[in-house]
Structure formats: C-alpha cells, structure tokens
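As structure tokens, the structure follows; a few thoughts come after it.
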Amino acid sequence: ARCAHSRGWDRNAEMGRLAHREGQASMTFRYSAPVMPLRGLSAVLRASMIGVGWYMVSIVEEPGSGQFFMLHKSVGLVVLALVIWRLTWRLTHPPAPLPASVPAWQERIAKASHGLLYAAMIAMPLLGSTGASFSKSGIEFFGLAIPRTVAPNHDLAEIFFTAHSVVAWILVALIAL
C-alpha cells in the first residue's frame, strides 16, 4: 500500500477521504508540495500563451514579429509537455471523491467540464504545432530548428491555426466556468 504522500496528496486530503466515508460534510483537498508549483506554472504559461498569441496575430506583418512567433511556438511545446505530465499525474493519482452532498447532476457536469478542459489543453498545442509544421517557417524550440516531418502547405497551416484559435476561445470559456 502506498502512503497518501506518495500518491500526490497530503495528510489533509487523506483525512478528508476518511471524513467523507464517515458521512462528515467537510473535506479538505490539497495537492502535494511538488505538484502545486507545476500546476501553477502550467496555468500561468497557458494564460500567457493565449495573451501572446492574440497579440502576435495583430502584429504579424510588423518587423520583429518573428520573435514573438518563435517564443510562442517554443513555450507552446513546453506547455504541451506540462499538460502531458499533468494528465499522466491525474490518471495515476485520482482525486478524493466529492462530498456526498454534491448532487449527481453537478458531479456529472464537473466531470464533463474537466474532461473538456483536458481535451482543450492537449488539443490547443497539438493544433498549433501541427499548423506550425505546415507553415513555411516551421518550428523552432528557443532558436533550435526542429526537423521538418511535412512539406510546407499554407492552406493546411491556416486550417490548423484556425482550429488552434477556436480551441483557445473554448479553453478561455472553460476556465471562466
């Protein structure tokens, strides 16, 4: 048996699970110390990426705009790695159950919105990097060119960039919920 800390939860979370089983309404949930800063970093990077993305498309023809695009692509790859780590963590460290006082319909909506949130967090960087792969400039990771796996195709790049933008708006809406 693994202890609560090795599963990613602290003692308060374990106590919350015990309280839930005993019918008590109060439950405390916290991520362990190593998980909290990575979740925070991931959230800050995603919010920054959306802001930088919206800004850079407004200056696409300006001199020096390429640096914003390179930074956006590079940080996007970091965000994708963090999202994959976060999803892996979530699948191997399930959270404590919701209190019994939460109606079943609210629990279903919470699970559905959480699933959509993860889908958007994964889809957005994948769509962006796929679009960048089809662009004439390709992908650079902090100045290091990533080898091409596809030939440049402006029309396909625009399709993926449009989907990338739509998912950004969906992600903003889901976060606002």
Does [X] share a hydrophobic cluster with [Y], counting links as ILVMFWY side-chain heavy atoms below 4.5 Å and allowing steps through other members?
X      : Y      : value
Ile50  : Ile170 : yes
Met70  : Met49  : no
Ile122 : Leu45  : yes
Val172 : Leu174 : yes
Leu116 : Val79  : yes

Side chains of residues 149-162: which donor-acceptor partners sit under 3.5 Å, not counting sequence neighbours?
unit_1 : atom_1 : unit_2 : atom_2 : d
Asn153 : OD1    : Asp155 : N      : 3.2
Asn153 : OD1    : Leu156 : N      : 3.1
Thr162 : OG1    : Glu158 : O      : 2.8

With a 4.5 Å limit on heavy-atom distance, are the side chains of [X] and [Y] in contact?
X      : Y      : result
Gln106 : Leu98  : no
Ser48  : Val44  : yes
Arg86  : Met121 : yes

Practice problem: Drop me the distance from Arg46's CZ to Ile175's CD1, to the nearest 0.5 angstrom. | Solution: 6.0 Å

Quiz prompt | Selection residues 164-173 - residue pairs positive for side-chain hydrogen bond (donor to acceptor under 3.5 Å, both in side chains), sequence neighbours left out | solution = none

Self-check item: Linked hydrophobic residues, Trp105 as query - side chain contacts closer than 4.5 Å
Solution: Ile109

Quiz item: Restricting to pairs with a member in residues 103-119, which pass salt bridge (Lys or Arg N to Asp or Glu O under 4.0 Å), not counting sequence neighbours?
Solution: Glu107-Lys111

Quiz item: Of all residues at least two apart in sequence or in a different chain, which pass the side chain to side chain contact (heavy atoms under 4.5 Å, CB included) check with Ile59?
Solution: Tyr55, Glu62, Ser65, Phe68

Exercise. Test Trp89 against Leu38 for side-chain contact (heavy atoms from CB on, under 4.5 Å), laying out the working first.
Key: CA-CA 11 Å; Trp89 182 268; Leu38 288 174; over 6 Å; no

Exercise. Write down the atom of Val167, the atom of Ala123, and the distance for their closest heavy-atom approach.
Key: CG1-CB, 4.4 Å

Atom pairs and distances, side-chain donor-acceptor, residues 125-148, under 3.5 Å, sequence neighbours left out:
unit_1 : atom_1 : unit_2 : atom_2 : d
Ser129 : OG     : Pro125 : O      : 3.0
Ser129 : OG     : Leu126 : O      : 3.2
Thr130 : OG1    : Leu126 : O      : 2.7
Ser133 : OG     : Ser129 : O      : 2.9
Ser135 : OG     : Ala132 : O      : 2.7
Ser135 : OG     : Ser137 : OG     : 3.4
Ser135 : OG     : Gly138 : N      : 3.2
Ser137 : OG     : Lys73  : NZ     : 3.0
Arg148 : NH1    : Ser133 : O      : 2.8
Arg148 : NH1    : Ser135 : O      : 3.3
Arg148 : NH2    : Ser135 : O      : 2.7
Arg148 : NH2    : Lys136 : O      : 2.8

